[in-house]
Amino acid sequence: MFIPIGKDPLKKHAVNLLMQIPVCLIFSGMIDMATNLLRVSLPEEISYILSWILVVSGTVLLALAVSMSVTSNVAMVPGEYFIKIFHPLVNRTFSFVKTFFDIFLVSSAVILSLFLTGFTQIEAVREGTLFAALCTGPIVHFFIPLTAKLKPLLRK
């Protein structure tokens, strides 16, 4: 819905919008595969410190992947593509808008969780989720200049 507001016509975005379907299928399959791999390779009970190591390393890897997809201008998952379309409209950096979008999504999850549990508890949102929402954008901001240096290699 924000595409017509921008300077590029919808026609220019049509391929990217259609490419989101296979990208989402592949991405969700990779998430399932990684989840199963971690389930098999990690013990059932892991320490809190190991949990944080996994959250931090996962957040850094996610931020690197987002930075690379933004820099290389390839097909993205819908959430990232929305941010890519929206950030020029509000004259903010991609990473700034990403942080606020992630905070919005986590806040929505908390509100839905409270509503669905009769305002008795919050399900599936803990400190690791908050960390990822607050830190992915700034880490993307750190990685974008670094991944931009790789852009000339993509043209060869």
Side-chain angles (χ1 to χ4, degrees), residues 1-10 12-38 42 46 48-113 122-156:
M1 71 182 170
F2 290 107
I3 291 173
I5 298 172
K7 61 182 177 187
D8 296 329
L10 179 60
K12 185 174 180 183
H13 295 281
V15 172
N16 287 333
L17 292 171
L18 288 173
M19 285 302 297
Q20 289 178 5
I21 296 168
V23 167
C24 283
L25 292 173
I26 292 168
F27 189 69
S28 63
M30 297 297 280
I31 289 173
D32 290 344
M33 187 173 68
T35 300
N36 291 333
L37 182 65
L38 285 173
L42 292 174
I46 60 173
Y48 191 70
I49 292 172
L50 180 57
S51 296
W52 269 105
I53 290 169
L54 291 170
V55 167
V56 171
S57 60
T59 302
V60 170
L61 285 173
L62 173 65
L64 178 61
V66 169
S67 302
M68 291 171 71
S69 67
V70 168
T71 301
S72 61
N73 201 23
V74 296
M76 303 174 169
V77 293
E80 308 306 333
Y81 197 70
F82 169 78
I83 296 165
K84 183 179 178 183
I85 297 297
F86 188 70
H87 86 87
L89 301 176
V90 293
N91 292 326
R92 298 284 186 217
T93 63
F94 179 91
S95 55
F96 182 86
V97 174
K98 170 132 184 73
T99 301
F100 278 90
F101 185 67
D102 289 348
I103 291 168
F104 169 75
L105 292 177
V106 171
S107 300
S108 299
V110 168
I111 291 167
L112 279 171
S113 177
I122 297 173
E123 292 286 333
V125 177
R126 289 188 45 196
E127 58 274 19
T129 308
L130 295 174
F131 174 83
L134 294 171
C135 294
T136 302
I139 297 170
V140 166
H141 187 77
F142 170 79
F143 277 133
I144 284 180
L146 300 175
T147 56
K149 292 178 183 177
L150 299 174
K151 198 169 185 174
L153 299 174
L154 297 173
R155 297 187 183 167
K156 292 182 180 183

Of all heavy-atom pairs linking S51 and I46, the shortest is OG-CD1, 3.5 Å
Review point. Can you check side-chain contact (heavy atoms from CB on, under 4.5 Å) on F94 and E80, steps first, answer last?
Key: CA-CA 9 Å; F94 179 91; E80 308 306 333; 3.8 Å; yes
Contacts of R92 meeting side-chain contact (heavy atoms from CB on, under 4.5 Å) (sequence neighbours excluded), chain-then-number -> V90, F96, V97
ask   = Would you call H87 and K98 a side-chain contact if the rule is heavy atoms closer than 4.5 Å?
value = no
The reported gap from CD in Q20 to CZ in F27 (rounded to nearest 0.5 angstrom) is 12.5 Å
Between the CE atom in M33 and the CG atom in L38, the distance rounded to the nearest 0.5 Å is 11.0 Å
Heavy-atom closest pair (R126 atom, Y48 atom, distance to 0.1 Å) is NH2-CE1, 4.0 Å
When every non-hydrogen atom of H141 is compared with those of T93, the smallest separation belongs to ND1-OG1, 4.4 Å
* To do: If the plane angle is over 60° it's perpendicular, under 30° parallel, otherwise tilted; pick one for W52 and F131.
  => perpendicular
Side-chain touch V70/M76, heavy atoms, less than 4.5 angstrom: yes
Heavy-atom side-chain contact between D102 and T136 under 4.5 Å:
yes
Residues passing the side-chain contact (heavy atoms from CB on, under 4.5 Å) test with I103, sequence neighbours excluded, are T99, S107, L134
Between the NZ atom in K84 and the CG atom in N73, the distance rounded to the nearest 0.5 Å is 3.5 Å
Heavy atoms of C24 and P78 approach each other most closely as SG-CD, 3.2 Å
Return yes when atom CG of L25 has more than 12 non-hydrogen atoms of other residues, nucleotides or ligands closer than 6.0 Å, and no otherwise.
-> yes
When rounded to the nearest 0.5 Å, the distance separating CD1 of I122 from CD1 of I111 is 10.0 Å
Pair up each side-chain donor or acceptor in residues 53-67 with any protein partner under 3.5 Å, not counting sequence neighbours, and list the distances.
unit_1 : atom_1 : unit_2 : atom_2 : d
S57    : OG     : I53    : O      : 2.8
S57    : OG     : L54    : O      : 3.2
T59    : OG1    : V55    : O      : 2.7
S67    : OG     : A63    : O      : 2.7
S67    : OG     : V140   : O      : 3.4

